[in-house]
Amino acid sequence: MAADTSNLSNVWFKVTDLEVASGSGSWVTTTSGDRYLDFSGGIAVTSTGHAHPHVAQAIADQAQRFIHAQANVYTHDLMQPLAARLAELAPAGIDTFFYANSGAEITEAAVKLAKQATKRPNIVVFQGSFHGRTHQAMAMTTSKTGYRAGHAPLPSGIFIAPYPELLAADPEAAVAAALRGFDRLLAEVTAPSETAAVIIEPVLGEGGYVPAPRGFLEGIDARCKEHGILFIADEVQSGFGRSGSMFAIEQYDVVPDIVCMAKGIASGFPFAALGTRRELDDLWPTGSHGGTYGGNAMGCAAALATIEVLTADGFMDAVRARGEQLWSGLRELQGRHDGVVDVRGPGLMVAAQFDTAARTSAVVSHCLQHGKLITMTAGSAGTTMRFMPPLTVSADEIDLALAALDKALVDAA
């Protein structure tokens, strides 16, 4: 049954027209009683699955104590425990945290902190990036023109550096070329003395699920350290186990100055966090940033409960095993079907790229209509199909998704 949207804005793009009544684990149930296997994961948000009982109970319990304990007025008793837990999990040196409600808010907070701490005006982003839909974050987003079109003029002081070419015949040469482009940007467009920070996704999200090559990310970090430019890791989509480690940046020899966290941090409850070093936070003038709902008590409860699930014995081993199962299954399908150009991505942040947008659209539609499997696309060309199931996904559910995709590839040939 299609949802009644007669009083809702049409500004939201829609992946499906399903009207859902409930969700459990990797599944959603529509108001007409049909069940769908959800490999969109709320766009990589439902890390512990839909309505995980431990997370749902933590939210319900907290709602009996406090729904909104405004951070400027008082400090509720979960803010510090969550920060202490995040400090244990975050990359080395990240020990101080600010809370907000969404990824876009946190990337904007990161930019404000970087400018205050360095007293420099400019920010460098990379081709294919997505950092949010607010005006500042939109100016930093380069993964698709549809996110920006019609909203100009956008905030100034944003400069775009090249990202290594995907599927390059010579990957090392592509990395070298991208690093030369970054060096040229600093030499010709935004001087290091005017550049506050670079912000980069360790795995491009909306840009097509493209992991940053090791030499590229580590080369950017080295240049940042040389010039006193802050390195901001945007882990909004890749963080909290999605990449097979708590944060994707852990898989590189990189020391970030600021880490942006959202999406999977609280299993779908609107919550986000910025992590940085105490000495940088001390350069952020008190009162120069904030927000009405940041550090919401129920959000903190949801985040703490989510972290308890993600850090349980064997949980991340299972995430990596399911990611390997999905990746290997997609590679096997690539060997049997024409049109599958590439399979990539770490952990349960996996993509299959097809030869044409038409094939991609047909496959995604077939999976939904005939396989009752919900997936999404990514990338400006519309040729990438991404898989971001809950991190609690089972081996049988991975097999069901692969079977639906196999049939879709046959029928779409």
Side-chain angles (χ1 to χ4, degrees), residues 69-125 131-132 134 136-137 140 155 157 190-200 220-236 239 246-247 249-250 254-262 265 271-297 299-300 303-304 307:
Q70 210 284 323
N72 297 102
V73 180
Y74 23 61
T75 303
H76 68 74
D77 59 1
L78 294 185
M79 291 185 76
Q80 172 57 30
L82 175 58
R85 194 70 181 98
L86 290 173
E88 294 172 352
L89 298 173
I94 302 298
D95 59 8
T96 303
F97 298 88
F98 169 83
Y99 303 132
N101 309 292
S102 69
E105 286 185 60
I106 280 301
T107 56
E108 292 222 14
V111 167
K112 291 178 72 173
L113 171 57
K115 290 181 177 182
Q116 288 279 9
T118 63
K119 305 304 179 186
R120 300 175 183 179
N122 295 338
I123 302 294
V124 174
V125 300
H131 299 294
T134 55
Q136 174 72 35
M140 296 158 54
T190 174
S193 62
E194 294 186 321
T195 305
V198 304
I199 180 168
I200 188 167
I220 294 296
D221 182 55
R223 286 158 171 80
C224 287
K225 301 298 185 281
E226 177 186 354
H227 296 296
I229 299 169
L230 299 182
F231 185 106
I232 303 172
D234 183 344
E235 293 263 12
V236 167
M246 191 56 64
F247 296 98
I249 203 73
E250 297 171 25
V254 168
V255 180
D257 299 291
I258 301 171
V259 180
C260 298
M261 313 171 190
I265 189 173
F271 198 84
L274 176 153
T276 189
R277 301 191 305 275
R278 171 58 68 187
E279 61 265 28
L280 281 178
D281 185 78
D282 285 344
L283 299 173
W284 209 358
T286 298
S288 66
H289 192 54
T292 300
Y293 299 104
N296 174 269
C300 286
L304 282 164
I307 289 169

Legend entry - Thr96 and Asp281: side chain donor to acceptor below 3.5 Å: no
Inset, instruction - Could you check if a side-chain atom of Met140 sits within less than 4.5 angstrom of a side-chain atom of Ile199, using non-hydrogen atoms only? - result: yes
Inset, instruction - Return the minimal non-hydrogen interatomic distance between Ala191 and Thr195, and the atom names on each side. - result: O-OG1, 2.8 Å
Inset, instruction - Quick one: pull up CD1 in Ile265 and CD in Glu235 and give me the separation to the nearest 0.5 Å. - result: 11.5 Å
Legend entry - Atom of Leu78, atom of Ala297 and distance for their closest heavy-atom approach: CD1-O, 3.9 Å
Inset, instruction - First locate atom CD1 of Ile232, then atom CD1 of Ile123, and finally report the distance between them rounded to the nearest 0.5 Å. - result: 5.5 Å
Inset, instruction - For the residue pair Cys300 and His76, establish whether any side-chain heavy-atom pair is separated by less than 4.5 Å. - result: yes
Legend entry - Heavy-atom side-chain contact between Leu274 and Ile258 under 4.5 Å: yes
Legend entry - Side chains of Lys112 and Ser288 in contact at under 4.5 Å (non-hydrogen atoms): no
Inset, instruction - Would you name the heavy atoms of Ala90 and Met261 that are closest together and state the gap between them? - result: CB-CE, 4.4 Å
Inset, instruction - Would you give the length of the straight line joining atom CG of Leu82 to atom CG of Asp77, rounded to the nearest 0.5 angstrom? - result: 12.0 Å
Inset, instruction - Specify the closest pair of heavy atoms between Pro155 and Gln136, including all atoms of both residues, with the distance to one decimal. - result: CB-OE1, 3.6 Å
Legend entry - Interatomic distance, Ile229 atom CD1 to Asp221 atom CG [nearest 0.5 angstrom]: 11.0 Å
Legend entry - Shortest non-hydrogen separation from Ala196 to Thr118 and the atoms involved: CB-OG1, 3.3 Å
Inset, instruction - Compare all side-chain heavy atoms of Val255 with those of Phe231 and state whether any distance is below 4.5 angstrom. - result: no
Inset, instruction - Identify whether the distance between the nearest side-chain nitrogen and carboxylate oxygen of Asp257 and Arg277 falls below 4.0 Å. - result: yes
Inset, instruction - Apply side chain to side chain contact (heavy atoms under 4.5 Å, CB included) to the pair Phe97 and Met79, showing each step before the final yes or no. - result: CA-CA 10 Å; Phe97 298 88; Met79 291 185 76; over 6 Å; no
Legend entry - Glu250 (side chain) donor-acceptor with Phe247 (main chain) under 3.5 angstrom: yes
Legend entry - Any donor-acceptor N/O pair, Gln70 side chain to Thr292 backbone, under 3.5 Å: yes
Inset, instruction - Can you label the angle between the His289 ring and the Trp284 ring as parallel, tilted or perpendicular, going by 30° and 60°? - result: parallel
Legend entry - Closest non-hydrogen atom pair between Ser102 and Ala272, with its separation: O-CB, 3.4 Å
Inset, instruction - Please assess Asn101 against Phe271 for the test side chain to side chain contact (heavy atoms under 4.5 Å, CB included), listing each intermediate value before the final yes or no. - result: CA-CA 4 Å; Asn101 309 292; Phe271 198 84; over 6 Å; no
Legend entry - Gap between atom CD1 of Ile200 and atom SG of Cys260 - 0.5 Å precision: 12.5 Å
Inset, instruction - Could you go through the side chain to side chain contact (heavy atoms under 4.5 Å, CB included) check for His131 and Asp234 one step at a time? - result: CA-CA 8 Å; His131 299 294; Asp234 183 344; 2.7 Å; yes
Legend entry - Side-chain touch Tyr99/Leu86, heavy atoms, less than 4.5 angstrom: yes
Inset, instruction - Any chance you could lay out the side chain to side chain contact (heavy atoms under 4.5 Å, CB included) test for Cys224 and Leu230, step after step, and finish with the verdict? - result: CA-CA 6 Å; Cys224 287; Leu230 299 182; over 6 Å; no
Inset, instruction - Answer yes or no: is there an ion pair linking Arg85 with Glu88, defined by an N-O contact shorter than 4.0 Å? - result: yes
Inset, instruction - Any chance you could measure Leu89, atom CG, to Ile94, atom CD1, to the nearest 0.5 Å? - result: 13.0 Å
Inset, instruction - May I ask you to check whether Glu108 and Thr134 show a side-chain donor-acceptor distance below 3.5 Å? - result: yes
